[in-house]
Amino acid sequence: MSAQAGRRRAGVLIPLFSCPSTVSWGIGDIGDVKPVTAWLATAGQRVFQLLPLNEMAPGQRSPYSAISAMAIDPIYIRVPGVPEFEDLGGEDGLSPGDREALAAVRRAPRIDYRTVRRLKYAALRAAFDRFLEAEWRHDTARARALRAYASEQAWWIEDYSLFRAMHVREHERPWTEWPAELQRREPAAIDRARKDLADEVVFYQYLQWLAGTQWQHARQHTHGVELFGDLPFMVDGDSADVWARQHQFRLDVSVGAPPDAFSASGQDWGMPLYRWDVMAQEDFLWLRERARRSADLFHGYRVDHLVGFYRTYGKLKNGGDGFFTPPDEPSQLALGERLLELFRGAGAEIVAEDLGTVPDYVRASLARLGVPGYRVFRWERHWHTPGRPFRDPSEYPRLSVAASGTHDTEPLLVWWEEAPEEDRRKVNELPLIQQIAGPGVDLVHAAYATAVRDVLLEALFASGSDLLLLPLQDVFGWRDRINEPATVSEENWTYRLPWPTDRLDEMPEARDRRDQLRAWSERYARHG
């Protein structure tokens with residue numbers, strides 16, 4: 001069984017980008033972990049669930065589209081407080097135009113990634129130039145600290161920093177369009193690039209050093225709240241990892257999901273396919289490194305698209321039928337269980353995102369290994385029983401993660417409003433719902449904000465699951481969503497809280513929710 005079994009806890013899912021404070025630059029940053037965890041701690045919450053922090057591919061906003069499986073996106077660096085930035089005058093040293101742009105992104109209702117990146121990049125580039133002249137060239141204590149960090153993290157940062165430096169030199173073209181000798185990583189060409197781009201390589205190491213140092217400081221000041229990350233199933237084909245390990249991937253195949261009830265044609269994510277046989281010959285070194293990196297950053301993490309680590313679905317890019325690899329159930333089972341043990345072996349707690357079309361043997365495997373899977377209220381039904389009644393949350397197994405939704409679902413409020421009346425009636429009839437709401441109470445036609453919201457949330461606190469994770473929107477009963485899958489819009493990945501996170505205790509609505517969360521955590525013994 002899991003080492004965490006028996007620890008009843010509750011937590012909240014909030015993307016870091018959604019959490020700006022009065023200090024941060026229009027997007028939640030690493031420094032905002034402290035005020036968010038302070039609020040969660042007083043609310044009796046024990047877990048802060050984040051989305052991936054990996055560096056996003058150029059022009060992307062999705063945290064699941066990464067140019068590196070290891071690097072923290074520099075957009076999360078807190079610029080105020082970087083010594084070299086402060087030496088240059090801090091925010092007062094910015095040009096009038098940049099100060100005006102900074103004020104605008106701080107006021108904006110959603111995240112303006114383009115402007116935030118431009119402002120942060122310019123400020124951090126200026127800070128690095130000062131570091132190069134004042135510290136690096138003189139081998140100061142601060143320069144030696146960066147050298148020590150780069151040496152300690154050499155197992156990933158050497159390939160990453162060279163890749164990023166070359167990517168910029170190549171005008172952010174995919175590495176598959178670079179000169180052939182760089183695509184093939186010919187030693188002479190790589191050595192030449194490393195010499196030609198020496199300062200640029202140090203720049204990208206400097207950014208990761210700042211991010212890593214800030215993150216470790218944040219992790220030490222979480223008020224007892226555990227930080228949970230999210231390990232994406234894949235990285236972009238145009239990533240430092242794939243460029244450095246081309247033999248481990250099939251670039252002619254695109255991974256995705258097979259056709260199911262939600263998508264008649266399946267899903268195509270445009271990312272290369274793992275060559276599991278080759279990776280196995282190397283004892284899955286890269287995945288071990290990913291697990292090690294995740295354990296360095298987080299107390300625990302969610303394994304994204306769990307079923308893909310048992311059987312990966314792919315299609316040839318030039319057409320043809322989809323296929324699974326490995327091809328048969330025994331080899332799929334052996335692969336998945338080996339990888340889950342590998343992830344857990346790095347020392348962090350893991351939970352498995354086992355949503356969607358998942359074979360029964362995969363969930364049986366999770367139970368055998370003691371890895372919690374998800375129980376999302378709206379999808380937990382007795383699907384093979386006439387009428388498909390909802391499963392009472394009190395029946396959820398202890399070894400599971402109860403949830404009202406995910407970053408990809410519409411908020412609970414929207415789901416409830418759009419659900420057929422028959423479904424709302426079935427929810428209303430659940431014994432636990434009746435127990436909480438009171439016998440005879442009709443939630444079907446009640447106002448969501450004043451009656452339904454807190455009954456549904458309390459039922460999840462009362463559920464059998466040892467771990468409960470609620471998206472922040474559902475805690476408040478808001479309509480905002482983080483992402484709508486299979487769509488491209490200005491709304492996706494740009495949500496930010498309506499108040500600065502360092503002022504949550506000044507907001508009556510946030511104080512009310514804080515007190516209610518704490519009361520539920522105490523009532524249902526979710527002390528962690």
Side-chain angles (χ1 to χ4, degrees), residues 14-20 24-30 32-33 50-79 105 108 110-125 156-157 159-161 163-168 170-176 203-208 210-212 214-215 229-244 255 269-272 290 293-294 297-298 301-302 304-305 407-408 482-496:
I14 322 174
L16 184 57
F17 57 73
S18 297
C19 301
S24 44
W25 286 21
I27 189 170
D29 66 30
I30 297 169
D32 296 319
V33 169
L50 297 146
L51 298 185
L53 301 179
N54 306 83
E55 183 171 358
M56 292 171 261
Q60 292 288 331
R61 298 183 308 203
S62 168
Y64 294 91
S65 179
I67 200 169
S68 169
M70 310 294 181
I72 296 173
D73 197 313
I75 203 170
Y76 294 122
I77 294 172
R78 168 153 293 186
V79 176
V105 296
R110 304 193 79 87
I111 300 161
D112 178 353
Y113 281 89
R114 184 186 299 273
T115 305
V116 170
R117 281 199 186 278
R118 180 183 67 77
L119 289 169
K120 286 202 172 189
Y121 181 85
L124 292 169
R125 171 61 76 173
W156 68 270
I157 205 169
D159 279 329
Y160 159 78
S161 55
F163 178 83
R164 282 304 282 122
M166 291 195 297
H167 213 277
V168 170
E170 295 292 329
H171 308 290
E172 306 288 18
R173 292 189 303 160
W175 66 263
T176 51
F203 172 59
Y204 288 101
Q205 293 179 352
Y206 171 80
L207 295 181
Q208 291 305 306
L210 293 178
Q214 289 186 1
W215 185 263
D230 191 330
L231 185 134
F233 176 60
M234 267 300 305
V235 290
D236 266 18
D238 183 30
S239 63
D241 308 84
V242 175
W243 172 71
V255 301
W269 302 331
M271 296 175 180
R290 291 185 71 188
R293 178 69 169 153
S294 294
L297 297 175
F298 305 107
Y301 58 93
R302 165 188 180 271
D304 173 52
H305 190 55
H407 64 274
D408 279 335
I482 301 299
N483 176 53
E484 187 169 354
T487 66
V488 177
S489 78
E490 292 303 308
E491 308 296 305
N492 287 346
W493 314 112
T494 62
Y495 171 74
R496 52 182 287 182

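From a predicted model like this one, the values you see are computed outputs, not experimental measurements.
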Original post:
With a 4.0 Å cut-off, would you call Arg61 and Glu490 a salt bridge?
Top reply: yes
**OP:** Measure from the side-chain N and O atoms of Trp243 to the backbone N and O of Thr176, and report whether any donor-acceptor pair falls under 3.5 Å.
**Re:** no
Original post:
Can we say Asp238 and Arg173 salt-bridge, meaning some charged N sits less than 4.0 Å from an Asp/Glu carboxylate O?
Top reply: no
Subject >> Short N-O contact, Arg117 and Asp73, less than 4.0 angstrom >> reply: yes
Subject >> Residues Arg302, Asp304: salt bridge by 4.0 Å N-O rule >> reply: yes
Subject >> Validation row, ring centre His407 to ring centre Tyr64 under 6.0 Å >> reply: yes
**OP:** Classify the ring geometry between Phe203 and Tyr206 as parallel (under 30°), tilted (30 to 60°) or perpendicular (over 60°).
**Re:** parallel
**OP:** Apply the side chain to side chain contact (heavy atoms under 4.5 Å, CB included) test between Ile482 and each candidate in Thr494, Asn492, Leu51, Asp408; give the one that qualifies.
**Re:** Leu51
Original post:
Is the distance between the ring centroids of Trp269 and His305 less than 6.0 Å?
Top reply: yes
Original post:
Distance-only, no hydrogens or angles: does the Asp241 side chain make a donor-acceptor pair with backbone N or O of Ala69 under 3.5 Å?
Top reply: yes
**OP:** Could you tell me which residues satisfy side-chain hydrogen bond (donor to acceptor under 3.5 Å, both in side chains) with Ser65, sequence neighbours excluded, listed by chain and number?
**Re:** Asp236
Subject >> Beyond-backbone contact of Trp493 with Met56, side-chain heavy atoms, under 4.5 angstrom >> reply: no
